[in-house]
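For reference, the structure discussed in these notes is given below.
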Amino acid sequence: MDTPLHTVAVVGLGTMGTGIAEVLARAGREVIGIDVSDAAARRATAALEASTARAVDRERITEKERGDVLARFRTFTELRAAADADLVIEVVPESYEIKQLVFRELDAVVRPDTILATGTNALSVTRLAAESQRPERVLGLHFFNPAPAMKLVEVVSSVLTSPAAVESVTSLARELGKEPVAVGDRPGFVADGLLFGYLNQAAAMYESRYASREDIDAAMKLGCGLPMGPLALLDLIGIDTARTVLDAMYASSHDRLHAPAPILGQLAEAGLTGRKAGRGFYTYAEAGSAEVVPDALTPLPGTAGTAAPREVASVGVAGSGTMASGIAEVFAKAGYDVVLAARSAEKAENAKALIAKSLARSVAKGRLTEEARDAVLARITPAGSLDAFAGVDLAVEAVAEDLEIKQQLFQTLDKVCKPGAVLATTTSSLPVIACARATSRPQDVIGMHFFNPAPAMKLVEIVRTVLTSDEVHATVRGVTEKVRKHPVDCGDRAGFIVNALLFPYLNNAIKMVEEHYASLDDIDAAMKLGGGYPMGPFELLDVVGLDVSLAIEKVLHREFRDPGLAPAPLLEHLVAAGCLGRKTGRGFREHARR
């Protein structure tokens with residue numbers, strides 16, 4: 001074991017440095033806060049005073065403990081104050097010149113056994129170490145913002161780093177109540193390496209006017225369970241910071257997915273760097289505020305469309321699987337009369353039985369009365385043929401994700417459904433226009449992409465083709481809101497919003513494993529603890545199904561022709577071997593068969 005790290009210097013008292021100092025002081029370490037700005041040092045002290053006062057008010061610490069924490073934090077404006085530190089953590093701006101200057105000055109000040117840690121998430125730890133007089137004592141220690149709350153710490157080794165130094169810092173991270181993940185030296189490391197590619201694609205999606213900023217953010221929050229949408233997160237991180245990280249990633253990977261979207265540079269150069277400037281993708285009440293205020297781009301209530309919607313009283317749902325039964329349940333709960341049609345009367349009855357089981361669970365949990373359950377079931381009529389759709393106002397198909405099957409179904413709907421009926425597909429990856437062209441009324445066809453499980457998931461992606469009429473769009477938006485779902489608008493291209501942003505991220509996680517950069521467990525932990533994701537990428541892949549994931553990856557690659565979207569070979573190999581995830585008992589991990 002290396003030297004115990006009792007005294008720690010934090011160089012740079014911005015938001016991150018102040019947060020790290022607080023974590024260390026609360027954990028009993030003597031903390032030397034260093035910043036060239038007296039004002040920054042005063043703000044850091046005031047922030048620690050305020051946070052500890054709140055902790056006392058909430059009875060998490062005593063007034064005496066608060067006094068002890070404050071006494072352990074001292075601030076200085078000169079680097080020589082770090083002379084007695086066992087560990088120095090620098091969190092100065094992301095610039096080689098600034099960081100190299102700090103490291104050169106520290107080399108002349110600190111003891112030979114002191115560990116020097118950089119908080120960078122974009123620059124090369126190896127390059128910084130190589131220019132130090134003690135490269136074996138230099139490593140990366142990447143906290144996440146806000147440091148007091150976020151559990152993840154990435155411990156970054158270069159080829160020069162001493163294992164003893166890594167062990168000391170890893171032990172310290174655990175003593176701070178953090179979850180350390182050991183990673184190698186590459187831009188972005190694990191969490192940001194995956195996160196920033198996703199954020200960049202979201203910025204490019206917005207820049208292309210494919211979807212509004214509000215719809216992109218709502219789609220990723222509601223469709224993936226993320227704590228923040230990508231554009232709001234870019235504003236929080238700082239658009240200039242994001243551009244710096246992406247520049248470093250692109251220089252290393254030459255992957256076009258990491259080439260910063262032009263809008264990031266335009267906003268940064270205009271000084272619109274996000275919350276800290278009071279304006280970025282959104283506008284804020286003031287610089288540093290989290291309160292979003294309306295601006296010229298904010299949609300006004302009731303302005304989603306001017307066309308009058310069609311009347312919808314009855315709905316037909318085609319299919320007999322989980323998605324079809326879930327959608328039928330959603331419509332019936334909202335008061336619609338539902339015809340649930342399958343390839344046979346038996347399959348239709350079985351689908352209704354699935355709904356009955358779902359409703360029974362809601363009754364058992366006290367979410368639904370028995371009378372309400374019976375009323376919902378009474379509104380669902382099973383049928384063994386699409387002929388039963390003759391009188392419906394809206395027909396929604398939820399059959400196999402196969403274009404030929406869907407086109408044949410739409411040809412049948414065209415013949416069966418009355419004039420003026422809206423025809424919707426729930427496809428997640430196929431072109432809606434191909435379904436529309438199979439009919440004589442493409443203006444009545446639209447995408448209505450529910451998420452699984454439909455009764456629980458709030459998001460519906462509404463996908464217009466170039467031929468979809470305004471009144472059909474208005475009708476489906478109105479129906480979506482009536483069934484208490486959140487509609488987001490997007491155009492007819494592969495992946496729509498959610499899958500187009502989600503699956504490249506999942507694919508990049510697989511590539512990290514292929515390259516032996518990090519383990520499945522470390523990557524999953526990094527994204528849950530560092531990014532606030534409800535599931536790690538490999539947990540999610542096994543739940544979705546590796547075959548489904550591969551199919552979506554292929555569609556994205558085929559449409560956008562970007563080499564970075566090519567499915568990872570490991571994913572293809574697992575699918576070829578029949579390892580499809582939870583449904584087969586084995587995917588990226590072993591699972592108990594159900």
Quick note, ring pair (Phe, Tyr, Trp, His ring centres under 6.0 Å) partners involving residues 371-411, not counting sequence neighbours, are none

Is it true that Arg477 and Asp489 make a salt bridge, defined as a side-chain N closer than 4.0 Å to a carboxylate O? yes

Just jot down the side-chain contact (heavy atoms from CB on, under 4.5 Å) partners of Ala509, sequence neighbours excluded, or say none. Leu194, Ile523, Pro537, Phe538

Sorted by chain and residue number, the side-chain contact (heavy atoms from CB on, under 4.5 Å) partners of Ser314 (sequence neighbours excluded) come out as Asp337, Val392, Asp393

Within residues 194-230 or reaching into it, pairs that qualify as ring pair (Phe, Tyr, Trp, His ring centres under 6.0 Å) - sequence neighbours excluded: Tyr206-Phe281

Exactly one candidate in Arg582, Lys583, His591 meets side chain to side chain contact (heavy atoms under 4.5 Å, CB included) with Val543; the answer is Arg582

How far apart are the C-alpha atoms of Thr427 and Glu401, what are their side-chain angles, what is the distance that settles it, and do they pass the side-chain hydrogen bond (donor to acceptor under 3.5 Å, both in side chains) test? CA-CA 7 Å; Thr427 183; Glu401 193 75 345; 2.7 Å; yes

Please determine whether ring pair (Phe, Tyr, Trp, His ring centres under 6.0 Å) holds for the pair Tyr533 and Tyr505, giving the CA-CA distance in whole Å, both sets of side-chain angles, and the decisive distance to 0.1 Å. CA-CA 12 Å; Tyr533 282 59; Tyr505 149 78; 5.2 Å; yes

Do Asp192 and Arg186 meet the salt-bridge criterion of a basic N to acidic O distance under 4.0 Å? no

Salt bridge (charged side-chain N to carboxylate O under 4.0 Å, His left out) partners of Glu553, counting only residues at least two apart: none

Please list all pairs meeting salt bridge (charged side-chain N to carboxylate O under 4.0 Å, His left out) that have one or both residues in residues 367-386, counting only residues at least two apart or in different chains. none

Using the salt bridge (charged side-chain N to carboxylate O under 4.0 Å, His left out) criterion, which residues pair with Asp217? Sequence neighbours excluded. none

Distance only, no hydrogens: is a donor on one side chain within 3.5 Å (strictly under) of an acceptor on the other, for Asp414 and Ser440? yes

Main chain of Leu501, side chain of Gln201: is a donor-acceptor contact present, judged purely on distance under 3.5 Å? no

Side chains of residues 221-231: which donor-acceptor partners sit under 3.5 Å, not counting sequence neighbours?
none

Do Phe496 and Val432 come close enough that some side-chain heavy atom pair is under 4.5 Å? yes

Any side-chain to backbone donor/acceptor pair from Asp235 onto Tyr282? Under 3.5 Å, distance only. yes

What do the steps show when you test Leu520 against Asp522 for side-chain contact (heavy atoms from CB on, under 4.5 Å), and what is the final call? CA-CA 6 Å; Leu520 302 178; Asp522 281 350; over 6 Å; no

For residues 250-260, pull every pair meeting salt bridge (charged side-chain N to carboxylate O under 4.0 Å, His left out), keeping only residues two or more places apart or in separate chains. Arg256-Asp562

Are Glu461 and Lys485 close enough for a salt bridge, meaning some N to O gap below 4.0 Å? no

Cut-off 3.5 Å, no hydrogens considered: what does the side-chain donor-acceptor table look like for residues 324-335, sequence neighbours left out?
from	atom 1	to	atom 2	distance (Å)
Ser325	OG	Gly321	O	3.2
Ser325	OG	Thr322	O	3.1
Glu329	OE1	Ser358	OG	2.8
Glu329	OE2	Lys333	NZ	2.9
Glu329	OE2	Ser358	OG	3.2

Restricting to salt bridge (charged side-chain N to carboxylate O under 4.0 Å, His left out), what partner residues turn up for Asp247, sequence neighbours left out? none

Return the set of residues passing salt bridge (charged side-chain N to carboxylate O under 4.0 Å, His left out) with Asp524 (not counting sequence neighbours), or none when no residue passes. Arg589

Hey, can you tell me if His449 and Phe451 have their rings parallel, tilted or perpendicular (30° and 60° cut-offs)? tilted

Is Asp444 salt-bridged to Arg310, going by a charged N under 4.0 Å from an acidic O? yes

